[in-house]
Amino acid sequence: MSSVNKDEYSFAIFAFKNKNLVFFSLVIRGDKDEQAVLCSKDKTYDMKIADTSNMLLFIPGCKTPEQLLADQASCNVIHTQIAGFSNNYWELRKCRPKLKKLKKLLMENPYEGPDSEREKALTDSKYTMEDLLDRIQASEEEILHQLQVINACKIEGYWRVLEFDYEMKLLNHVTQLIDSESWSFSKVPLSICLQELGSLEPKEMIQHILLSYGMKYTDEDEVYFEMNADKICSATAQMLLQNAVKFNLSEFQEVWQQSVPEGLTTRLDQLKGLALLDRNSRPETIFLLKVEDLPEDNQERFNRLFTVREKWTEADITPYIQDLCAEKQTVGALLTKYARSSMQNGVKVYNSRRPIS
């Protein structure tokens, strides 16, 4: 199906469940170059036309067998006019929401702080939730969840992502305060953070970075955050790797450990889906490869991965394809469909089923 418009193709369904009226709001979404999907409030479905050998008749005022049984008085033969007929119908199949475009749209105009914002033109790309619902092929709940995953925040009514250097600047302010106050990373007080750092950056941004890298809780009516060590270490690794094509692994591990706040320990498993190790090179190297930058389509994703590396172990490739798994589908099933396995030095590896140019 080709281009659709949210306003033109939104509709509602009313149904009865346990004698209560239930309201369903459904929207067809998709740009001109996209296959249309149907979205409820919390799920996304692929739409395909299916043929049926039975002719479907559209009859005004038609009653179901259940309704006729409930109303015996209306069980009479009547003459009625058929309003239309069809030999096919739309078949819906639950699918993954198409969320890659969300980060791409928000990265058109990342938030770089209040000083930079004042210098930008008012016409720079900004998106409200209504704008995102018009552009993204996903339900509202799925979009809201993904906004949380990518650490987006609402600024003056628009959803924004922080420019990475500005995000690291905010995180550095927080970790330096934790160090200077000798706080535990598991108990960082919100009120003191806002009081001490509010003169450096907007308080809303300080709270946002705490929410992005920590878990909020209350103790004796005071709000605290338990900081996520893995997230902090992962962000620090990205900062170190983003400007390097490849990094000597042993040197990287040493610099990485020195760069994280005192008290945190770096581990290579914190880099799953962020960076890839090359154990076959001499010396061993590491380079940035973010799963969020890979294609959303299954075949395109595998093509890109096999362009990066001809043969993969299951452990190495899993972080880069796990998000492709449909409901009840395993990584093993994906690999069986899109890759060919073989043994290399006693280890099972996977390569492409088709030639990669």
Side-chain angles (χ1 to χ4, degrees), residues 99 103 145-146 148-151 164 167-168 171-172 174-175 178-179 184-186 188 209-215 225-295 301-302 304-306 308-325 329-335 338-339 341 344-351:
L99 294 163
K103 180 75 175 283
H145 174 72
Q146 187 66 14
Q148 185 177 7
V149 169
I150 64 177
N151 295 332
F164 184 68
E167 182 176 327
M168 293 305 296
L171 181 60
N172 190 50
V174 172
T175 55
I178 293 172
D179 181 62
S184 166
F185 275 88
S186 63
V188 178
I209 209 70
L210 288 167
L211 286 166
S212 299
Y213 287 88
M215 185 178 67
F225 283 86
E226 180 179 357
M227 305 305 291
N228 188 313
D230 289 346
K231 280 188 175 182
I232 296 172
C233 291
S234 178
T236 305
Q238 181 177 337
M239 179 184 67
L240 295 172
L241 291 169
Q242 65 179 358
N243 295 319
V245 177
K246 284 195 176 183
F247 211 127
N248 180 297
L249 179 59
S250 60
E251 291 178 3
F252 167 75
Q253 287 180 285
E254 183 178 346
V255 174
W256 184 27
Q257 182 59 59
Q258 292 171 354
S259 301
V260 299
E262 188 175 350
L264 301 187
T265 303
T266 59
R267 306 184 315 275
L268 290 177
D269 67 333
Q270 294 165 338
L271 305 182
K272 289 181 178 179
L274 174 68
L276 189 62
L277 277 61
D278 187 349
R279 298 286 191 183
N280 295 321
S281 65
R282 292 292 178 268
E284 295 178 342
T285 58
I286 185 172
F287 59 95
L288 197 66
L289 182 64
K290 296 190 290 182
V291 65
E292 65 189 57
D293 293 336
L294 297 174
R301 175 80 63 90
F302 276 91
R304 178 73 63 83
L305 290 172
F306 288 125
V308 172
R309 176 180 288 179
E310 184 181 355
K311 296 179 185 291
W312 292 74
T313 64
E314 184 172 348
D316 283 346
I317 202 171
T318 293
Y320 293 103
I321 62 173
Q322 205 154 26
D323 63 309
L324 299 179
C325 292
Q329 187 178 33
T330 64
V331 166
L334 269 180
L335 288 169
Y338 292 99
S341 65
Q344 182 174 292
N345 299 325
V347 178
K348 181 182 280 190
V349 294
Y350 296 87
N351 63 289

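The model shown is predicted, which means the values in this text are computed figures rather than measured ones. One-based numbering along the sequence shown.
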Exercise. Looking only at atom types and distance, does a side-chain atom of K231 sit under 3.5 Å from a main-chain N or O of S212, one as donor and one as acceptor?
Worked result: yes
For this session: May I have the step-by-step check of side chain to side chain contact (heavy atoms under 4.5 Å, CB included) for D278 and I286, ending in yes or no?
Result: CA-CA 6 Å; D278 187 349; I286 185 172; over 6 Å; no
For this session: Would you mind reporting whether L249 and R279 have side-chain heavy atoms less than 4.5 Å apart?
Result: yes
Exercise. In terms of side-chain geometry, is the basic nitrogen of R301 or D323 positioned less than 4.0 Å from the acidic oxygen of its partner?
Worked result: yes
Exercise. Considering all heavy atoms of both residues, which atom of F164 and which atom of A235 are nearest to each other, and what is their separation?
Worked result: CZ-O, 3.5 Å
Problem set entry | Which atom of G273 lies closest to which atom of P319, heavy atoms considered | N-CB, 3.5 Å
For this session: Taking the side chain as every heavy atom from C-beta outward, state whether L171 and E167 have any atom pair closer than 4.5 Å.
Result: no
Problem set entry | L99 and I150, any side-chain heavy atoms less than 4.5 Å apart | no
Exercise. Does W312 use its side chain to pair, donor to acceptor, with the backbone of T318 at less than 3.5 Å?
Worked result: no
For this session: Check whether any side-chain heavy atom of F185 lies under 4.5 Å from a side-chain heavy atom of I232, and answer yes or no.
Result: yes
For this session: Name the orientation class of the two ring planes belonging to Y338 and F302 (parallel below 30°, tilted from 30 to 60°, perpendicular beyond 60°).
Result: parallel
Exercise. Between the side chains of Q270 and D230, is a donor N or O closer than 3.5 angstrom to an acceptor N or O?
Worked result: yes
Exercise. Above 12 or not: heavy atoms from other molecules or residues under 6.0 Å from CD of Q148?
Worked result: no
Exercise. Checking Q257 side chain against L264 main chain: does a donor-acceptor pair fall under 3.5 Å?
Worked result: yes
